[in-house]
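The chain is numbered in sequence order, starting from 1.
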Amino acid sequence: MTRFRPCIDLHTGQVKQIVGGTLDSSTSELKTNYVSHHSAGHFARLYRDNGLEGAHVIMLGPGNEDAAKEALAAWPGHLQVGGGINDQNAAAWMERGASKVIITSFLFPSGKFSQERLDAVLAALGGQKDHLVIDLSCRRRGDDKWFVAMNKWQTITDMEVNQGRSAVNLPPIQLEARALRAKGGGAANNDTVESIKSLEPYCSEFLIHAADNEGLQKGIDEKLVGKLAEWCSIPVTYAGGGRNLDDLELVKSLSHGRVDLTIGSALDCFGGTGVKFDDCVAWNTEQGG
């Protein structure tokens, strides 16, 4: 059943709500909706006290590790953490109290998917895919195509967000191409890389920000939500454009209860006017989650 899932977005050590499409290395281009005077730990305790499982803590660039550690310490074993996660630090973040680690950019050296790197992260987690969330946050390319975006959603990768096919169903020639990608860190012959079904065996959840909608409070990407419900057989959380309780109902309807929704900038606890945090908590209770 669809649930409201909260977030703690960290930028330069502060809890912020940012327009996702402006999040690059140039601070002059950054558009910020809200900067909280509360710490990351405050929001972790808020989510803990309201029983909001599955929240994600995202470190948007450097200077956020201490704030992330504070959040995890406030509710150990219940918050997911992402941003700069790789095979060298994934296990350490689990030890610091993360329920799961979220990974994106490390999987795409030079913008090309690396199966070898995914295998390395999973190995660092002791092969426990229940500890891994793959972030397939994406940007639109045309009416019905979305490609994974990395490096604060500014670099478009070779991976299209689509249903794809599980490796067990691929013909030999495509298995060989996949092996070449794993060795070379990218797609063979400039092909785009399939995603959902090929990645599901390696993780327990997907997190997908629609970067073109993120922070704008102008509505969700309805087509993407519907496709995610169709394509995914493991839990998936969508973020981007959520404005109010009607959007929670819309995601529930479009996905038949299979996709969760993160609302950020519209929440009153983040300075928004679209929806009250307490009303989202009550909505979850009504759904039985």
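In this structure, Thr157 and Arg139 have side chains that are not in contact, with every pair of non-hydrogen atoms separated by 4.5 Å or more. When side chains are defined from C-beta on, Tyr238 counts as touching Leu224, because their heavy atoms get closer than 4.5 Å. Contact check for Gln287 versus Thr2: no side-chain heavy atoms found under the 4.5 Å cut-off.
Salt bridge status for Lys16 with Asp9: absent, with no side-chain N to carboxylate O gap under 4.0 Å. For the pair Asp144 and Lys223, the salt-bridge criterion is met [side-chain N within less than 4.0 Å of a carboxylate O]. A salt bridge does not link Glu222 to Lys227: none of the charged side-chain nitrogens sits closer than 4.0 Å to a carboxylate oxygen. Look at Asp158 and Lys112 and you find no salt bridge, because none of the NZ, NE, NH1 or NH2 atoms lies under 4.0 Å from a carboxylate O.
For Trp75, the ring-ring contact (aromatic ring centres under 6.0 Å, His included) criterion is met by His78, not counting sequence neighbours. Partners of Phe43 under the ring-ring contact (aromatic ring centres under 6.0 Å, His included) rule, at least two apart in sequence or in another chain, are Phe270. Remark: Trp231 pairs with no residue by the side chain to side chain donor-acceptor pair (under 3.5 Å) rule, at least two apart or across chains.
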- Query: For Trp146 and Asn162, what are the C-alpha separation, side-chain angles and deciding distance, and is it a side-chain hydrogen bond (donor to acceptor under 3.5 Å, both in side chains)?
  - Reply: CA-CA 8 Å; Trp146 300 265; Asn162 57 23; over 6 Å; no

Discussion item. Does His37 form a ring-ring contact (aromatic ring centres under 6.0 Å, His included) with His42? I'd like the steps, not just the answer.
Written reply: CA-CA 10 Å; His37 65 275; His42 164 84; 7.9 Å; no

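In this structure, CG on Asp247 lies 6.5 Å from CD1 on Ile263, to the nearest 0.5 angstrom. Distance CG/Asn284 to CZ/Arg5: 10.0 Å, rounded to 0.5 Å.
Of all heavy-atom pairs between Val275 and Asn244, the closest is CB-CA, 3.9 Å.
Remark: Arg117 qualifies as a cation-pi partner of Phe106 under the 6.0 Å distance and 45° angle criteria applied to the six-membered ring.
Side-chain polar atoms of Ser39 and Glu70 form a donor-acceptor pair below 3.5 angstrom.
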